[in-house]
Amino acid sequence: MGIFERFSTMLRSNINDLISRAENPEKMLNQLILDMKSQLAKAKQEAAAAIADEKKLQADAEGLKKQAEDWERRAMLAVQEGRDDLATQALVRYNESLQGAQQLHETWVKHKADTENLKVQLRQLNDKIEEAKRKKNILVARAKRAEAQQRIQATMAGMNDKSAFESFERMSEKIEAIERKALAAAEIQQEFQSDDLIDQFKKLEYKGPVDQQLLELKAKMGVLGPGQETKALGKGGKQDVHDAELLENGEH
């Protein structure tokens with residue numbers, strides 16, 4: 001199993017565990033991102049080890065190639081010295097080194113392609129984690145909105161309870177009954193404290209200074225109606241009586 005397959009398996013396991021526990025969404029997302037970062041760090045370590053192995057293969061291939069070149073140079077030197085036996089042995093070593101170098105080179109080429117693919121996948125995983133971090137705030141906001149909607153629905157469900165409204169109505173009726181009793185008590189108390197008939201006559205008999213001035217003005221102008229002369233004269237003296245008689249006879 002490759003490192004990224006293990007990474008995906010562990011990540012899915014962590015996600016399923018967090019979801020099954022139904023924890024706080026924000027806490028769950030934060031923990032999920034931490035787990036992703038932790039797994040990514042392990043994947044980077046394993047990728048770094050693979051890259052180190054690739055570098056070693058490259059170095060070994062180049063080392064065998066250099067050995068092959070050295071044996072070829074020695075074979076040429078032996079031929080120049082007329083030592084064909086040494087040249088033959090040097091060529092055997094040359095062929096062995098060259099064959100080993102070619103094999104290591106082929107292995108290194110394949111391994112290098114794998115490590116380059118690992119680098120690409122690491123960058124992609126890192127980008128996805130960064131994207132997850134950006135989306136976390138959106139998901140948290142959505143989760144809080146959903147919780148608010150649940151609370152509103154629960155509140156509305158409680159308000160739909162008829163018993164609560166019936167209790168409210170009973171209390172309202174009780175308060176109205178208390179108010180009616182208070183008004184009735186005040187009315188009874190008023191009956192004992194005053195005589196309504198006497199109060200009405202007092203209002204008819206009472207005339208303030210302005211009313212008296214109005215009667216005197218009408219008497220002076222000769223526009224008093226029947227029954228008003230006596231009231232006007234009651235306030236004035238003999239001179240007022242004399243003036244009123246003159247006005248009635250049309251004398252000046």
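For clarity, every value in this text was computed on a predicted model and none was experimentally measured. The figures that follow rest on heavy atoms only: side chains count, while hydrogens, waters and symmetry mates do not. When a residue number appears, it is its place in the shown sequence, counting from 1.
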Does [X] pair with [Y] as a salt bridge, N-O distance under 4.0 Å?
{"X": "D127", "Y": "R123", "value": "no"}
{"X": "E173", "Y": "R170", "value": "no"}
{"X": "E130", "Y": "R134", "value": "no"}
{"X": "E106", "Y": "K110", "value": "no"}

Next item on the list: Verify the neighbour count for atom NZ of K65: are there more than 12 heavy atoms of other residues, nucleotides or ligands below 6.0 Å?
Entry: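 At most 12 heavy atoms, drawn from other residues, nucleotides or ligands, come within 6.0 Å of this atom.
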
Note to self: Check this for me: R74, atom CZ, are more than 12 non-hydrogen atoms of other residues, nucleotides or ligands nearer than 6.0 Å?
What the structure shows: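 Yes, enclosed.
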
How long is the span from the [atom1] atom in [X] to the [atom2] atom in [Y], to the nearest 0.5 Å?
{"X": "R93", "Y": "E96", "atom1": "CZ", "atom2": "CD", "answer": "7.0 Å"}
{"X": "I51", "Y": "H111", "atom1": "CD1", "atom2": "NE2", "answer": "8.5 Å"}
{"X": "Q31", "Y": "L34", "atom1": "CD", "atom2": "CG", "answer": "5.5 Å"}
{"X": "L91", "Y": "L86", "atom1": "CG", "atom2": "CG", "answer": "11.0 Å"}
{"X": "K174", "Y": "M171", "atom1": "NZ", "atom2": "CE", "answer": "5.5 Å"}
{"X": "E131", "Y": "I129", "atom1": "CD", "atom2": "CD1", "answer": "11.5 Å"}

Notebook entry, point to check: Cut-off 3.5 Å, side chains only: do Q89 and D85 have a donor facing an acceptor?
Noted result: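 No donor-acceptor contact under 3.5 Å links the two side chains.
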
Notebook entry, point to check: Would K112 and V109 satisfy side-chain contact (heavy atoms from CB on, under 4.5 Å), going step by step from the backbone distance to the final call?
Noted result: CA-CA 5 Å; K112 182 174 177 60; V109 169; 5.8 Å; no

Next item on the list: Go through W108 and H105 one step at a time and tell me if the ring-ring contact (aromatic ring centres under 6.0 Å, His included) criterion holds.
Entry: CA-CA 5 Å; W108 168 74; H105 180 77; 5.5 Å; yes

Next item on the list: Step by step, work out the side-chain contact (heavy atoms from CB on, under 4.5 Å) result for M76 and V79.
Entry: CA-CA 5 Å; M76 294 174 63; V79 170; 5.7 Å; no

Would you name the heavy atoms of [X] and [Y] that are closest together and state the gap between them?
{"X": "L118", "Y": "A50", "result": "CD1-CB, 3.9 Å"}
{"X": "L64", "Y": "G100", "result": "CD1-C, 3.4 Å"}
{"X": "S97", "Y": "W71", "result": "OG-CD1, 3.8 Å"}
{"X": "A101", "Y": "A61", "result": "CB-O, 3.6 Å"}
{"X": "A78", "Y": "A87", "result": "CB-N, 3.4 Å"}

Next item on the list: Any chance you could lay out the side-chain contact (heavy atoms from CB on, under 4.5 Å) test for M36 and L40, step after step, and finish with the verdict?
Entry: CA-CA 6 Å; M36 293 170 68; L40 179 60; over 6 Å; no

Check: Transitively linked via ILVMFWY side-chain contacts under 4.5 Å: L125 with L32?
Finding: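 Yes, same cluster.
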
Note to self: Is the shortest side-chain heavy-atom distance between E62 and L104 below 4.5 Å?
What the structure shows: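 Not in contact.
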
Notebook entry, point to check: Given K119 and E116, is the salt bridge (Lys or Arg N to Asp or Glu O under 4.0 Å) satisfied, shown in steps?
Noted result: CA-CA 5 Å; K119 292 178 183 178; E116 291 298 326; 3.4 Å; yes

Next item on the list: Show the numbers, then the answer: is there a side-chain contact (heavy atoms from CB on, under 4.5 Å) between Q121 and N117?
Entry: CA-CA 6 Å; Q121 292 184 51; N117 188 39; 2.9 Å; yes

